[in-house]
Student: 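Take this structure, written in C-alpha cells, and hold onto it; I'll ask about it next.
FYI, side chains are in, hydrogens and waters are out, and symmetry mates aren't considered; it's all heavy atoms of this structure. Everything numeric here is computed off the predicted structure, so don't read it as measured data.
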Amino acid sequence: MKARATLLALTFLIAGLGAGAREVRSINNGWFIKPLAKNQNRDKYVKVNLPYTWNAEYLKGGTDYNREAYAFRRRINIGETKGKRHYLHFEGVNSYCDLFVNGRFITSHKGGYTAFCVEITDFVQPGDNMVELWVSNAFRSDVLPLIGDFVVCGGIHRPCSLIITAEDCITPDFYASPGVLVEQVKVGSKAASFKVRTLVSSSAYEGLSVRTTISSPDGKQVFSGSAKAASETVIAGVLENPALWHGRNAPNLYTVCSELLRDGTVVDQVSVTTGFRSLAADPDKGILLNGEPYPVRGFGRHEDVEGRGSALLEADYRTDVALMLETGATAARLTHYPHGEKMYELADSTGLLLWTEIPLCGPGGWQFAGYIGSEELRLSARENLKELVYQKFNHPSICFWGIFNEILYSDGKRYTDYGDPVPFVNELGTLYKELDPSRLTTFATCEDEGPYLGCSDLVAWNKYYGWYEPMSEAEAFFDGIKEKCSPYPFGISEYGAGASLVHHADSVDLDASAKRAFHPEERQNAVHEQMWSIIKQRPWIWGAFVWNLADFRSNVRREGDTMGMNDKGLVTYDRSVRKDAFYFYKAEWTDEPVLYITSRRHNHRTSPVTGVKVYTNQPKATLYLNGKKVSEKKNDGLSRIEWKEITLAKGDNEIRVISGKGKLEDRVVWTLE
C-alpha cells in the first residue's frame, strides 16, 4: 500500500493494526458551491464533485475566464472523536483559500499547485461537521503565479481527504508530506546508503518507537531497523547490490514502511515507494544517471484538458503519460507549477525523468516580467518550494528542481525594472540544495542568462528558432552559449512552433517570422525537424523539451485558428489527434516501426506538383500514386523519406507508401481542385 495513493482511495483501515488505526476517507463527492459575490441567503448552492474548477471553459464569446471567489461547503460525519485526531488534506486549491470548520476559521493557504494539510481535532464534534472553503483565483501580488501564458483555473481542482489517526501518529501535516522521507545519501551499483526520516506527533514520546522496513521491487524484505521515537526519528542503513531506478530502462521501486509502536503495539503506519539512483551532470556528456550518460528528451506539459481545465481525472494523467511514452520520450518538464500527485506516481513506475518547478514564472517580454514584489510574495514562494520538495521528496522520477521560468530583469530598454530578481533567485537555489542535495537544480530563461549563472547546477533556455527567431541563427547560438554558460551544462527547456490542423502550406520560410493568424502544420514539422537535427548532433545538451505535449488555453493568445489557445502542442487540446510532428519524434526516439505520411490533412490541393514526405525509422520505403509505383527511396538519417515532385491528377489521388516488404503501409487521399 502506498501512502500517496491512499489520498485518492475510498475509506479503508490499514490491515493488521488495532482500533486506533489510521483511516483515510475520500471526501471528493457531495460538495456545494456558489460565488461569494452572490452569497446571500436567497441564492442556492449548486452540487459538484471534486476535482472541480469553474474555469473548465472560457466565458462564452471570448477568451476571458472568471478570476473570482467561490464558497465550497460539505457536511462530514466523523463519527466518534474520543482518542482520535483529525486532519483535512487538500491536494490543490487554486489559488488562495480560507478554511472554516463549523464556522470557525482554521487556516489559509496560498498557492493552488501544492497540497496543504491541517489538523482540525480541536474544532470538530462527534457526528456531523460543516467544512467550508472560500476559494479565489483572483490576482494577488502575494500569490504565485503572478501571471503566465496559461490559464490559472480556480477551484478545488485536485482530490481531498479526511485523515483520522490515533493520538500518537506519523504526522500528515508537515508541509502535507507523507511523514516518511527517504533521503538518499550515497548510491552506487554495489551499495545504496540512506536515511529514513519518520515524523512523529505525540504528547508523550516515552514508550514510543519506530520500526522501518524496506522491501525490494520483487517484494522481499531487505532491511529492518528500529529506534526510539522522537519528533523526527532517523533510521539509517545500507542496501547491498540495489536494483537501481534507471529511467525507462529499469524503473525499479522499493517500498519503505514506517510503523509507529506504543509499548510494542503498532498504532500507525505509513508506506511510501521510492527508487535508488544517483544523479550528476557533465558539461560535455549531459546527464549521468547512475554514472552513465542518459538521454533527457521529452515534452513540456500543462495541466489543461478540454472540458475539465486543470480538474483532471486519473484517466487524463494516464493518457498524457501514454502519449509521451509512445513517442519514446525519456523525460517531461512539468510546467510551470507542481502537477497532480498521479503524474509523479506514473513517472516513477514508467521511468520518466521529471523537471518540476514552483510557479515563479514570468510572461516573456511583457511588463513587470522581473517583478519579485513584496516580502509577502517571497514568503509565499519559499513556502511553495518547501511544500513541493517535502511532498514529492520520495519520487525517484524527480531529477530536476526548477527555480523559475522567464523571470527577467531590466535591460533598460524592453523590460521595466520592478526590482532586481537575482538575489532572490539565488536564495531559492540555495534553499533547494539545503532541503535536498541529492537532486539537480535548474532554471529556464528566454533572455541573457548571465546574471543567473551560479544559482543552479544547470542552465536551460526557451528558444523558438524557426518561429520567433530565424532558424539560420540556431546553430551559432547553441555553440556559443555552451562556452558562455561554462562550466554549467546547457539545455533547451522549450522549443517548437504552433500548428493548426486546418492551416496548411506548400512551402515555409523558417527565417521569416511566423504569422500570428496562420499556423500551418507544415511549419511545425519543419521547425521540429531542423531543431532536433541540431540538438541530436550536440550530445552535450543535457536536456531538450518540446513545447508542448498538447495544445492548452492561454487568454493572452490571439493567433492560429482558435483564439485563446496556444497551439504549439503535438497533440490537440482534447488529445484526440496526434499532429504530424508527433510521429517525427516517434520515428526518431523509438524502435517501434513507424511509417507516416505527413501533410495528410492538406487534402485539398490547388497545385498539381507537390512533394510527399513520410516519417519513418525504416531504411527505405516505396511510393505509389493512384496504384502505380513511383519509386523506392532511402531514409535520409533524420527519419524522413521524401519524393520531391509528384504530379497529381484532377480529382482524388491516392498516396500510398509501403515499407518492410509491405508489412508497414500508410495511405491518404489528396484532392486536386
Student: Strictly by modelled atom types, are Thr441 and Asp457 linked by a side-chain donor-acceptor pair under 3.5 Å?
Tutor: yes
Student: Can a donor-acceptor pair be found between the side chains of Asp551 and Asn566 at a distance below 3.5 Å?
Tutor: no
Student: At their closest point, which heavy atom of Asn137 faces which heavy atom of Val152, and how far apart are they?
Tutor: ND2-O, 2.9 Å
Student: Any donor and acceptor pair, going by atom type alone, linking the side chain of His339 with main-chain N or O of Glu341 inside 3.5 Å?
Tutor: no
Student: Using the side-chain hydrogen bond (donor to acceptor under 3.5 Å, both in side chains) rule, take Asp436 and Trp401 through it: C-alpha gap first, then chi angles, then the decisive distance, then the call.
Tutor: CA-CA 9 Å; Asp436 178 22; Trp401 294 124; 2.9 Å; yes
Student: Please confirm whether the ring centroid of Tyr573 lies under 6.0 Å from the ring centroid of Phe552.
Tutor: no
Student: If the condition is side-chain hydrogen bond (donor to acceptor under 3.5 Å, both in side chains), which residues does Arg318 pass it with, not counting sequence neighbours?
Tutor: Glu314
Student: Can the ring centroids of His302 and Tyr337 be said to lie less than 6.0 angstrom from one another?
Tutor: yes
Student: Taking the ring centre of each residue, are Trp134 and Phe105 less than 6.0 Å apart?
Tutor: no
Student: Identify the two heavy atoms, one from Ile407 and one from Pro421, that lie closest to each other, and give their separation to 0.1 Å.
Tutor: CG2-CB, 3.7 Å
Student: Is the terminal nitrogen or CZ of Lys568 (NZ for Lys, CZ for Arg) located under 6.0 angstrom from the six-membered ring centre of Tyr464 and within 45° of that ring's axis?
Tutor: yes
Student: State the SG-CG distance between Cys455 and Leu428, to the nearest 0.5 angstrom.
Tutor: 9.0 Å
Student: Roughly how far apart are Asn462 CG and Asn405 CG, rounded to 0.5 Å?
Tutor: 5.0 Å
Student: Would you please indicate yes or no on a ring centroid separation below 6.0 angstrom for Tyr45 and Phe32?
Tutor: no
Student: Rounded to the nearest 0.5 Å, what separates atom CG in Asn555 from atom CE in Met563?
Tutor: 13.0 Å
Student: Does NZ or CZ of Arg439 lie under 6.0 Å from the centre of the six-membered ring of Tyr432, at an angle within 45° of the ring axis?
Tutor: no
Student: Would Trp355 and Phe545 count as a close aromatic pair, with their ring centres under 6.0 Å?
Tutor: yes
Student: Taking salt bridge (Lys or Arg N to Asp or Glu O under 4.0 Å) as the definition, give me every residue that meets it alongside Arg74, ordered by chain and number, with sequence neighbours left out.
Tutor: none
Student: For the residue pair Thr255 and Ser271, what are the closest heavy atoms and their distance?
Tutor: CG2-CB, 4.4 Å
Student: Lys47: which residues meet the side-chain hydrogen bond (donor to acceptor under 3.5 Å, both in side chains) condition with it, sequence neighbours left out?
Tutor: none
Student: Can you list the residues that meet the side-chain hydrogen bond (donor to acceptor under 3.5 Å, both in side chains) rule with Tyr175, with sequence neighbours excluded?
Tutor: none
Student: Once side-chain hydrogen bond (donor to acceptor under 3.5 Å, both in side chains) is applied, do any residues pair with Glu559, and if so which ones, sequence neighbours excluded?
Tutor: Arg557
Student: Under the 3.5 angstrom rule, does the side chain of Lys110 hit a backbone N or O of Ser95 as a donor-acceptor pair?
Tutor: no
Student: For residues Tyr87 and His89, establish whether the separation of their ring centroids is below 6.0 Å.
Tutor: no
Student: Among pairs that include at least one residue of residues 152-164, which meet salt bridge (Lys or Arg N to Asp or Glu O under 4.0 Å), considering only residues two or more places apart or in two chains?
Tutor: Arg158-Glu303
Student: Quick one: closest heavy-atom pair of Cys169 and Arg85, and the distance?
Tutor: SG-NH1, 3.9 Å
Student: Does the separation of the ring centres of His157 and Trp54 fall below 6.0 angstrom?
Tutor: no
Student: Is the Lys NZ or Arg CZ of Arg301 less than 6.0 Å from the centre of Phe299's six-membered ring, within 45° of the axis?
Tutor: no
Student: Just checking Tyr452 against Phe443, ring centres under 6.0 Å apart?
Tutor: yes
